[in-house]
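Below is one structure, written out as structure tokens; comments come after it.
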Protein chains: 2
Amino acid sequence: MNSTSQDETRIDDLAEVFRVMGDANRLRILVLVLDRPRPVADIAAAAGLSQSLVSHNLGRLRASRLVSAERRGKQVFYVAADQHVRTVLRDMLEHIGEVDRPGPPLGQA
Amino acid sequence: MNSTSQDETRIDDLAEVFRVMGDANRLRILVLVLDRPRPVADIAAAAGLSQSLVSHNLGRLRASRLVSAERRGKQVFYVAADQHVRTVLRDMLEHIGEVDRPGPPLGQA
DNA sequence: ATGTTATATGAACATTTGTTCAAATGAATG
DNA sequence: CATTCATTTGAACAAATGTTCATATAACAT
């Protein structure tokens, strides 16, 4: 378990993915395409954002492979890339939900 | 399933947590305290970062409750807050690992 | 009390980032 | 072909961010 430059690259890539998710607008977009593909204009309307901004952000989401795109005629449909994305979002929501509950044991924090 | 302002707050909080994780140095620190508590100076040495920077970053990690702190004498020990943090990191590493593998079936996507 | 060790905090600066606006590309249709 | 619709891309600017340096707090020792 010594630190290789492979690990460093991984950390950098990991940070990049989280940085992409660390923006409220991109997160909104991601949630909108979580369980079905949607065209860009549709996403923009649902999120209340300009088409240009949505396209820019979809570009970054796609660059991190958080979403995938498919063209159908003039429209481009975007959808969440894989199950990990959904899992991570769910886990993080649970994490946030955990407000200092006085509840159970109190072992080593 | 209409959008409430509660959801908006959640999205904002969620984005904040991801933003905190979206930095390579903070991620390194987080990994270092993933399975056992460590004092600040120890973390700084292991990560190759200044004490000041580590302290600043630990502050942000703690503000998002990604890590928790405990004082023992002069030292302060930090450790990953809960299981969700570990799970999210693992899932994301898997996500990244999924590079267009030519391997097995070749279904959709 | 003073001194020493460990950590935290504030201000300042350079760099990065999100957003907007305008223009460009691509796909269908007359 | 030109035109319309849907999306992408580039440049520019304001706002947010990471890092460093210096100083402050906290705990223990002499």
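Sequence lines set the chain letters: A, B, ... in the order given, protein chains first and strands last, and positions in each chain run from 1. Predicted model only: the values in this text are computed from it and were never measured.
Separating the CZ atom of A:Arg62 from the P atom of D:dT7 is a distance of 12 Å, rounded to the nearest angstrom. Between A:Asp23 atom CG and D:dA16 atom C1' the separation is 11 Å, expressed in whole Å. Per the geometry, CG belonging to A:Leu58 stands 11 Å off P belonging to D:dT9, to the nearest Å. Rounded to an integer number of Å, the gap from CG of B:Leu49 to C1' of D:dG18 is 12 Å. In this entry the distance linking CZ of B:Arg28 with C1' of D:dG18 reads 13 Å, nearest Å.
The residue B:Gln51 sits close to a base: some heavy atom pair falls under 4.0 Å. No engagement by B:Arg72 is indicated, since no non-hydrogen atom pair under 4.0 Å with the nucleic acid exists. Looking at heavy-atom distances under 4.0 Å, A:Phe77 makes no contact with the nucleic acid at all.
If you run side chain to side chain contact (heavy atoms under 4.5 Å, CB included) between B:Val67 and each of B:Ile29, B:Leu61, B:Val79, only B:Leu61 comes through.
A residue-by-residue look at A:Arg26 and B:Leu53 shows that B:Leu53 has its nearest nucleotide of DNA chain C further toward the 5' end. Nearest-nucleotide mapping onto DNA chain D: of A:Lys74 and A:Ser55, the residue sitting toward the 5' end is A:Lys74. Between B:Ser52 and A:His56, the residue anchored nearer the 5' end of DNA chain C, judged by the nucleotide with its closest heavy atom, is B:Ser52.
The shortest heavy-atom contact between B:Leu30 and B:Leu66 is CD1-O, 4.1 Å.
For the helix from C:dA1-D:dT30 to C:dG30-D:dC1, the end axes, each set by the C1' atoms of five terminal pairs, are bent relative to each other by 10° (nearest 10°).
Between A:Arg19 and the phosphate of D:dT17, there is no side-chain N or O to OP1/OP2 separation shorter than 4.0 Å.
If you check the side chains of B:Arg86 and B:Gln83, you find a donor sitting under 3.5 Å from an acceptor.
In this structure, A:Arg38 contributes its side chain and A:Leu32 its backbone to a donor-acceptor pair below 3.5 Å. Counting only distance, with no hydrogens or angles, the side chain of B:Arg71 and the backbone of B:Gly73 share a donor-acceptor pair below 3.5 Å.
Contact of the B:Leu89 side chain with the A:Phe18 side chain is registered, since non-hydrogen atoms from C-beta on lie closer than 4.5 Å.
The side chain to side chain contact (heavy atoms under 4.5 Å, CB included) search around B:Asp91 returns A:His84, A:Thr87, A:Val88, A:Asp91, B:Thr87, B:Glu94, not counting sequence neighbours.
Here the CZ-CD1 distance, from B:Arg26 to A:Ile11, works out to 13.0 Å after rounding to the nearest 0.5 Å.
Nucleotides of DNA chain C that come within less than 4.0 Å of any heavy atom of chain A span, from the 5' end to the 3' end, C:dT17 to C:dA28.
Linking Ile, Leu, Val, Met, Phe, Trp and Tyr residues whenever their side-chain heavy atoms come within less than 4.5 Å places B:Val85 and B:Val20 in a single cluster.
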